[in-house]
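The structure under discussion appears below in the form of structure tokens.
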Protein chains: 2
Amino acid sequence: MNHGTMNRCFGAILKELGLKETPKRRAILEILAEQQGFLSPEEIWHALRVRFETIGLPTVYRNLEELAAGGVISTIIHPSRQLYYYFCRGESGHHHHFICTSCRRVEDIPECTAATMEGDIATRTGGKITSHIVQFNGLCHRCLVEEEGRTA
Amino acid sequence: MNHGTMNRCFGAILKELGLKETPKRRAILEILAEQQGFLSPEEIWHALRVRFETIGLPTVYRNLEELAAGGVISTIIHPSRQLYYYFCRGESGHHHHFICTSCRRVEDIPECTAATMEGDIATRTGGKITSHIVQFNGLCHRCLVEEEGRTA
DNA sequence: TAACAAAGGAAAACGATTTCTTTTTAGTTT
DNA sequence: AAACTAAAAAGAAATCGTTTTCCTTTGTTA
Ligand SMILES: [Mn+2]
Ligand SMILES: [Mn+2]
Ligand SMILES: [Zn+2]
Ligand SMILES: [Zn+2]
């Protein structure tokens, strides 16, 4: 998928969500998509300032929240409690992530056991589940091997 | 368990964690324990100011973080992104929660499917999982019935 | 009671959000 | 195609929630 196709693709994505296609919104998606790992709002903001003379942090936060609410990008809850964002290339439907706290790589967890658990919990408690969070934190294979190399 | 027993109990808990037993630390546990639902750091701070003439918010945040790290209290990640804290009466080991976003009630989810998933993920990716987040958000039975009563 | 490490307070800094006003977009009408 | 319009988006500044820093106070142990 070349750059032009990507741009047209992003426009379609935004339209589906009922969001207007603005240059800044498209740029946020582009920046996230050309990155392998997850990014912080401030890192995205710095990348944006190369392309735009003025762009405020609130714009970045607002857009990231909207895009995450629409399911286009994923929110990463870092153990440090800072929020990060990630553009999923792999899975398209509902799924969860295993993130590497060292190199920021993200691995998809395709099966969502939480979805089946929701039914059990609703039945048992008589309540209604509206959302859930599932995330695994740790070290990816590469970082684990690297760490073992240093300690051995 | 009466109040005196509780206080002695909290002292032992703090000692096990290698934390000093200070009046403010004990009060934080007491306030959380006598509450049915989860509380925000600021709400806990307000409750503390009734007992102590001076107590800073950083002290409250610091203690809540330490107690949560020690597993004495649980962190609740609210959909609003604000952090809340909860003292578990039921389950003592590792488990997760179903929280009511309306009335703040918390239900235990004793079985932790995430623990078994960790093994699968580690095998598949070759990485190492160090922690995970699992939380279900929604409406408890009472709040669901109440809501249905209004709309019907 | 003395000594040390841990805990707490005050102020500042930081990350994230809200409010309010101006600008831009997308669709509609000339 | 160009101008108009309503709604959405963006900017600036203030505000909120949380954390850090640095120094003083307190708890623990001997
Ligand atoms: Mn993914
Ligand atoms: Mn619990
Ligand atoms: Zn890694
Ligand atoms: Zn409820």
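Quick note: numbers below take in every heavy atom, side chains included, and nothing from hydrogens, waters or symmetry partners. Lettering follows sequence order; numbering is per chain, from 1.
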Inset, instruction - Would you mind classifying the nucleic acid contact of B/Arg62 as base, sugar-phosphate or nothing, using non-hydrogen atoms under 4.0 angstrom? - result: base

Inset, instruction - Would you classify B/Ile55 as touching base, sugar-phosphate or nothing, given that sugar-phosphate means primed atoms plus P, OP1 and OP2, and contacts are heavy atoms under 4.0 Å? - result: sugar-phosphate

[X] side-chain N/O to [N] phosphate OP1/OP2 under 4.0 Å:
X       : N      : result
A/Asn63 : D/dA10 : yes
B/Arg81 : C/dT17 : yes
B/Thr54 : C/dG9  : yes
A/Tyr61 : C/dA16 : yes
B/Thr22 : C/dG8  : yes

Inset, instruction - Find which nucleotide of DNA chain D each of B/Glu42 and B/Leu19 is nearest to by heavy atoms, and output the residue with the more 5' nucleotide. - result: B/Glu42

Nucleotide of [options] approaching [X] most closely (side-chain heavy atoms):
X       : options               : answer
A/Arg25 : D/dT18, D/dA8, C/dA7  : D/dA8
B/Lys20 : D/dT18, D/dA10, C/dA6 : C/dA6
A/Pro58 : C/dA16, C/dA6, D/dA12 : D/dA12

Inset, instruction - Classify the angle between the aromatic ring planes of A/His97 and A/Tyr86 as parallel (below 30°), tilted (30 to 60°) or perpendicular (above 60°). - result: perpendicular

Inset, instruction - Name the orientation class of the two ring planes belonging to A/His132 and A/His96 (parallel below 30°, tilted from 30 to 60°, perpendicular beyond 60°). - result: tilted

Ionic contact status for [Y] with [X], cut-off 4.0 Å:
X       : Y       : result
B/Arg51 : B/Glu30 : yes
B/Glu21 : B/Lys15 : no
A/Glu66 : A/Arg25 : yes

Distance check needed: [N] [atom2] versus [X] [atom1], whole Å only.
X       : N      : atom1 : atom2 : value
A/Lys15 : C/dG27 : NZ    : C1'   : 10 Å
B/Leu29 : C/dA7  : CG    : P     : 13 Å
A/Glu65 : D/dA10 : CD    : C1'   : 15 Å
B/Leu57 : D/dT21 : CG    : C1'   : 17 Å
B/Glu53 : C/dA10 : CD    : P     : 12 Å
A/Gln82 : D/dT20 : CD    : P     : 10 Å
B/Leu64 : D/dG17 : CG    : C1'   : 13 Å
B/Phe52 : D/dT26 : CZ    : P     : 13 Å

Legend entry - Given DNA chain C, 5'-ward residue of the pair A/Pro23 and B/Gly18, judged by closest heavy atom: B/Gly18

Legend entry - Along DNA chain C (nearest heavy atom to each residue), the more 5'-positioned of B/Gly56 and B/Ser80: B/Gly56

Legend entry - Flag if over 12 foreign heavy atoms under 6.0 Å of NZ, B/Lys24: yes

Inset, instruction - Spell out yes or no: do the side chain of A/Lys24 and the base of D/dA9 have one donor N/O and one acceptor N/O closer than 3.5 Å? - result: no

